[in-house]
Amino acid sequence: MESILPLILSAIGGLVIGPLVARLGGGGGTGGLIGGIVGGIGAHFGLDAAGIQVLGDAAADPASLMNIINSLLEGGVGGGIVGVLAGLVMKPKG
């Protein structure tokens with residue numbers, strides 16, 4: 001469960017931030033929602049593959065408060081970026 005916890009938290013961060021940033025960027029909410037989840041998971045895997053850990057040390061304790069905040073923030077940033085793009089692509093015409 002500890003190895004999947006950062007992935008779930010990244011998806012939640014993207015799920016929350018993606019639609020908000022998509023709406024502020026003029027996109028649709030559904031695209032922001034889907035893009036937020038995909039972007040949050042993608043940011044998690046991308047930063048993990050690059051070995052970038054902004055806060056804390058995930059190898060020490062993945063359930064610590066700093067690692068939970070790190071997972072939520074990386075998911076929020078990735079979800080915000082992909083959420084804006086997906087929100088603009090899936091924006092209703094008219």
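Quick note: numbers below take in every heavy atom, side chains included, and nothing from hydrogens, waters or symmetry partners.
Residues that satisfy the side-chain contact (heavy atoms from CB on, under 4.5 Å) test with Ile52, not counting sequence neighbours, are Leu47, Ala50, Val54. Not counting sequence neighbours, the partners of Ile69 by the side-chain contact (heavy atoms from CB on, under 4.5 Å) test are Leu55, Leu65, Leu73.
A continuous path of hydrophobic side-chain contacts links Leu5 to Leu72 [ILVMFWY only; heavy atoms under 4.5 Å]. The cluster map of Ile, Leu, Val, Met, Phe, Trp and Tyr, joined by side-chain heavy atoms under 4.5 Å apart, puts Leu7 and Leu33 in the same cluster. By the rule that hydrophobic residues join a cluster once side-chain heavy atoms approach within less than 4.5 Å of another member, Phe45 and Ile34 end up as members of separate clusters.
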When the side chains of residues 8-32 are checked against the rest of the protein, which donor-acceptor pairs come out under 3.5 Å, sequence neighbours left out?
{"from": "Ser10", "atom 1": "OG", "to": "Pro6", "atom 2": "O", "distance (Å)": "3.0"}
{"from": "Ser10", "atom 1": "OG", "to": "Ser71", "atom 2": "O", "distance (Å)": "3.2"}
{"from": "Ser10", "atom 1": "OG", "to": "Glu74", "atom 2": "OE2", "distance (Å)": "3.3"}

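Through chains of ILVMFWY side-chain contacts below 4.5 Å, Val77 is grouped with Ile81.
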